[in-house]
Amino acid sequence: MRQHSALALGVLFSTVLSLTACGGSKGDDAAAGGSNPPVSGAPAPSPAPSPAPAPAPAPAPAPADEPQLEPVPAPSPAPLPSPSPAPVPPPPPSQQLPTDVDTSKPGVAVVPAKATASTAQGNNTAAKAIDGVVSNDSRWESSQDDANWLQFDFGAKTQLGYMKLVWENAYAKEYTIQVSDDGQAWYQLRYVADGKGGTEEFYNLNANVRYLRFNGVKRATQYGYSIIEASFKSPGSDNSLPVLATSAVPYPANGAGLAPTPAAKEPLESVQFTLADGTLVTRFGMVGRSRHARERGEEWNEIGYGPNETVDAAGKPQDKGPGAHGNFVANYFKNRTWGVEFIDNSKVAGVTKPRLIINQYFQQAQKGGGHSFVRRFDSTGVTGFGWMSPGQLLDNSKYTANDAVCPVVPKPPQDKLLKPDSGYNNIIGANDGCSVVFDTYPGHSALSADANGVLVPNGTNVPARPIKAGDILEFSSSFFSTRAAMDAIGDNGAVRYYTNEVTYVVGQGLRPWYGIQPRLMNEPLPAEALSGGTGSVSYDYADNATFMFQQPSNNIGMANMQRFVEGRRWIHTNMWTGDHNENGNDRNEKAVKLQGPHYNQATCFGCHINNGRGLAPLVVNQRLDTMAVRTATLDANGRQLPHPTYGLAVQMNARSATTGLPQDWGTSVRVAGFDLKTVKLADGTSVELSKPRVAFDGPTPAVYSLRSAQPMIGMGLLEAVPDADILARARATPDADGVKGVANFVFDPETGAVRVGRYGWKASKVSLRHQAAAAALLDMSVTSPVYPNRDCLAGPAKCTTAKVEAGLSEEALTLITRYMGLLGVPAQRSLASGFPKGVSPLPYLDVNPAQVAAGAKLFEASRCTACHVSEMKTGNAYELAEVRNQTIRPYTDLLLHDMGADMADTLVEGQASGNLWRTSALWGIGYTEYVAGANKVGYLHDSRARTLTEAILWHGGEATASRQRFEGLSKADRDALLAFLRSL
């Protein structure tokens, strides 16, 4: 028997409210509703009549121990060049260095014969920029106009390997470096879109010219351009890239000798299991958040029930910015995760009054009472959140104690209870007095629509009752520690955090949820909406869509949540400075100076914007360093080898290994222009298609492939799909539409075993570990246990442990891999959310279910699902229990398909010739633009498609028949099909 009664709990409830209610800026807490919420087992209070419209009371100031409302990190779009009236071509071979130039010795100074300029201010003439005097008193200064230039004449064709510009405070934000042999025909050597001033260095000029010119595009200040000194060197070992001895990357000729599927092992952590008597145990992880899950950036209430900032006075939608639930609090990886355990006896034989026992597992001592059950839906004062019942702690004294009286409890063993026999106070399975029993669905007021169509209490009481199997319970835990408890573990963070809100179905476990009337009450999503299985990410009511690809699986385990956040930290870490790309987080000292001197980006986020797609090619001269450019050359026998200058991939950025300052080594790949064509649909609609052309600052490889970053979500689910299921979808002969599909086969880089490829645009990576290690090396110049040195960039010949360079440790690589494996997939937004009358819906949750359903049928009727397979199942051998035995809807078959000549390039990876591409997963595709924020991203392998319509119209080869069916649709049907895609 429990040692307290519902009456005793009611006496204590005023104290509990101070713990369960939200402090801060919102005024819609249960505590702010004007009366105490009903308590489990107590009768519902008499409902008040519908209130008249009244101004909302001013919110009370947040208690000192509340978490700070941390702002969502602002998007930082990459700097882009100004629109150029006419692109300037790269230098012809006659103005590049001869192939036999000697760079074995350091370069020597080269002094121009003279300098001239478009304008000069006073005595600050062009000649002073080459007089050898580095002083503000000796400089060239232009007029206050962007279109100014400074030209250097070397008197004759001269070999150049290096240039340095020393700026006065008036520097160029954007400019070009151009070369010429006659001073008339100019060619572009470099383009700077984001000049920093100070000292700017240019290496590996690869120029053999008479003239070189600085050509201004945009000033950084209101003044003109002011260059103190320009200096040059001949090509040499200190400024020129070496010629690499490259070796071919081997691929299996076919799938012969395919490695067998590993036998199932015990998972890293159990997330749900059933005891011998039928008791269901569900375990899941929580992470500290700064706000609740249904607090958007605007105050919202139904008509007549308080402020509604989601619309203006004319009723037009307003957006005052996101809430702060999807983002992560400062030092989220540091003691800010915990576990929750539900012990559910609803299906035990003979049990007529089920109960839930809830244990929590924190990393520091806590106050009592950090549990909330059942959303307070019967109060018009509750809009964002609020709770009917906190549950019942087994020791009443824990509620009122000011200290952190709930001690740290060790996490329980796999598939067993921590206290299977003893329990606490005769409650078997309960850990201590801070555990909770929930057995009664609380009494509450029934609701009916008022004159405005708003659901309000109607005067009828719904009595409390025992819970039963199938009941849908909302649950939220909370972090209530103390300063002393945090100091005891050496953590100076806050002592109060909110967390996720989850939906628990009695007898089943956790289910992703969406919001329905009244007031966005949780309702489990149906199976067909669970793109990522039961781990799918619930609908986002906090207007935090930029974070939708950064959420853990809904069913993440207790210890795995900590692994997840530690892995997230690495994804957000600068691999040179160790700094986090979100403010307030401790430096990752283990990451300092792991990066090589030549690289594309310093963080994973540099390419995967908010874990989504990469920046699209938008304007001429845009550097493509947020994408990947794979490169190769051909030997005398036509065999593909890594390129002798770039290796396997171009590293477009560089920094000094000693000063850390940026350097330009002439390895940028830029947009040279766009090839345009117009497609006319059956109803006469014209659609312009655009394809980027690229130009290399350095030598143009014989073979190259432009690759955009793909979303990181659901990768653990895809790794859990059995090889046999992938291979079973491949066809020996094409079907009636010409669809075939082949698997790629790849040597595991660590074991040499033949395995099925499943990641990357060409399915050339066999595992998440392989994918993560390859991206670290090719995109960030960071080594790992898989690729121990940077010689691996030139091929496998020297990619051995005979030379090991500092890089990701085994621990770090494992954390990154598991983080990606645990990233959740957003649930399909195919159901209408119950936004109250008068409240502007969030645009990505404002869906037309009938149109989405019609679009799904059209997608299938067009046979898009021949490649974009709508459903598959994961196996039971993967180390993460969260992704095992899940029915998922990724809309990919993980096979290679011929996409036609318009999509082809010339790079070959195993079975994947230039026209073969792995079917992209479509889950989450409707969030693309929201995740990108202020950045503009694109679709397809080179981000050429600016819209989903364009992406479809580029499909050729095996997808031709499906594309033609799309072209023949009416506008209404096209809109429905696109609405379906946007719902994913």
Side-chain angles (χ1 to χ4, degrees), residues 22 24 65-74 284-293 295 322-340 360-364 366 370 476-481 485-487 489-502 537-538 540 542 544 546-554 556-574 578-591 603-605 608 610-611 712-713 811-812 815-816 818-824 882 931:
C22 166
D65 62 354
E66 286 287 338
Q68 295 300 308
L69 183 57
E70 296 167 11
V72 176
F284 52 97
M286 293 290 198
V287 62
R289 307 281 192 174
S290 56
R291 303 310 287 171
H292 291 281
E295 289 184 288
H325 175 75
N327 54 306
F328 289 77
V329 300
N331 281 337
Y332 57 89
F333 44 82
K334 190 176 179 181
N335 308 311
R336 284 150 181 76
T337 68
W338 65 96
V340 179
Q360 298 202 83
Y361 300 88
F362 286 89
Q363 298 185 56
Q364 61 285 101
Q366 296 280 311
S476 183
S477 178
S478 291
F479 182 114
F480 297 114
S481 192
M486 292 294 281
D487 290 345
I489 60 171
D491 191 332
N492 62 0
V495 300
R496 170 79 170 87
Y497 294 102
Y498 306 101
T499 189
N500 303 356
E501 294 169 16
V502 301
V537 179
S538 300
D540 166 44
N544 263 165
T546 54
F547 285 85
M548 281 305 290
F549 289 176
Q550 299 180 49
Q551 303 307 313
S553 293
N554 179 67
I556 190 169
M558 299 190 297
N560 279 345
M561 179 64 92
Q562 183 61 32
R563 295 182 178 107
F564 176 87
V565 295
E566 290 178 14
R568 183 185 190 272
R569 182 190 191 188
W570 277 100
I571 293 292
H572 289 251
T573 290
N574 185 299
D579 292 332
H580 200 288
N581 73 333
E582 296 165 326
N583 292 333
N585 292 288
D586 293 347
R587 176 179 287 119
N588 186 349
E589 298 293 346
K590 295 179 180 178
T603 70
C604 301
F605 245 46
H608 297 275
N610 292 326
N611 280 7
M712 297 169 67
I713 57 174
E811 177 192 28
L815 285 170
I816 290 170
R818 288 173 176 166
Y819 166 78
M820 293 192 297
L822 290 163
L823 275 172
E882 293 88 339
V931 167

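Residues take their numbers from the sequence shown, with the count starting at 1. These numbers come from a predicted model, not from an experiment.
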**Message:** Give me the atom names and distance for the closest heavy-atom approach of N327 to S290.
**Reply:** ND2-OG, 4.5 Å

**Message:** Run Y498 and R291 through side-chain contact (heavy atoms from CB on, under 4.5 Å) and show every step you take.
**Reply:** CA-CA 6 Å; Y498 306 101; R291 303 310 287 171; 3.9 Å; yes

**Asked** Is a side-chain donor or acceptor of T499 paired with a backbone partner of S477 at a separation under 3.5 angstrom?
**Response** no

**Prompt:** Stepwise, does the side-chain contact (heavy atoms from CB on, under 4.5 Å) test hold for Y361 with W338?
**Reply:** CA-CA 6 Å; Y361 300 88; W338 65 96; 5.8 Å; no

**Asked** In Å, rounded to the nearest 0.5 Å, how long is the span from OG of S538 to CG of N554?
**Response** 5.0 Å

**Message:** To check you understand the geometry: which heavy-atom pair defines the closest contact between M558 and F284, and what is its length?
**Reply:** CG-O, 3.3 Å

**Prompt:** Would you say the side-chain atoms of S481 pair up with the backbone N or O of V495, donor to acceptor, closer than 3.5 Å?
**Reply:** no

**Fill in**
Distance col, row Q550:CD vs R568:CZ, nearest 0.5 angstrom, shows 5.0 Å

**Message:** Looking at N544 and G323, would you say the former's side chain and the latter's main chain have a donor-acceptor pair under 3.5 Å?
**Reply:** yes

**Request:** Indicate whether the side chain of Q363 and that of Q562 have a donor and an acceptor atom separated by less than 3.5 Å.
**Result:** yes

**Prompt:** Where do G370 and Q360 come nearest, in terms of heavy atoms and distance?
**Reply:** O-NE2, 3.4 Å

**Message:** Taking the basic N atoms (NZ, or NE/NH1/NH2) and the acidic carboxylate oxygens, is any pair closer than 4.0 Å for R569 and D586?
**Reply:** no

**Message:** If you compare all heavy atoms of P552 against all heavy atoms of M561, which two are closest, and at what distance to 0.1 Å?
**Reply:** CG-CE, 3.8 Å

**Prompt:** Tell me, do I571 and F605 make a side-chain contact under 4.5 Å, heavy atoms counted?
**Reply:** yes

**Message:** Let's go through R818 and N560 carefully: what are the C-alpha distance in whole Å and the side-chain angles of both, what is the deciding distance for side-chain contact (heavy atoms from CB on, under 4.5 Å) to 0.1 Å, and is it a yes or a no?
**Reply:** CA-CA 8 Å; R818 288 173 176 166; N560 279 345; 5.8 Å; no

**Item:** Heavy-atom donor-acceptor pair, E882 side chain to G557 backbone, under 3.5 Å
**Value:** yes

**Prompt:** Roughly how far, to the nearest 0.5 Å, is the OG1 atom of T337 from the CD atom of E566?
**Reply:** 8.0 Å

**Prompt:** Hey, does the side chain of N585 reach the backbone of N331 with a donor-acceptor pair shorter than 3.5 angstrom?
**Reply:** yes

**H580 ring center within less than 6.0 Å of Y332 ring center** = yes

**Request:** Would you mind checking if R289 and E295 are paired as a salt bridge, meaning a charged N to carboxylate O distance below 4.0 Å?
**Result:** no

**Message:** Testing the basics here: between W570 and A591, what is the closest heavy-atom pair and its distance to 0.1 Å?
**Reply:** CZ3-CB, 3.6 Å

**Request:** Any chance you could measure F333, atom CZ, to L815, atom CG, to the nearest 0.5 Å?
**Result:** 12.0 Å

**side-chain contact (heavy atoms from CB on, under 4.5 Å) evaluation trace for M286 with F479** = CA-CA 10 Å; M286 293 290 198; F479 182 114; over 6 Å; no

**Separation of T603 OG1 from D579 CG (nearest 0.5 Å)** = 11.5 Å

**Prompt:** When rounded to the nearest 0.5 angstrom, what is the spacing between CG in N610 and CE in M712?
**Reply:** 11.5 Å

**Message:** Donor-acceptor pair, distance only, cut-off 3.5 Å: does the side chain of D491 make one with the backbone of G493?
**Reply:** yes

**Message:** Using a 6.0 Å distance limit plus a 45 degree cone around the ring axis, check whether R336 lies over the aromatic ring of Y497.
**Reply:** no

**Fill in**
A494 and M486 have their tightest heavy-atom pair at O-CE, 3.3 Å

**Prompt:** Would Q364 and N335 count as a side-chain hydrogen bond (donor to acceptor under 3.5 Å, both in side chains) if you check the C-alpha gap in whole Å, the side-chain angles of each, and the deciding distance to 0.1 Å?
**Reply:** CA-CA 8 Å; Q364 61 285 101; N335 308 311; 5.3 Å; no

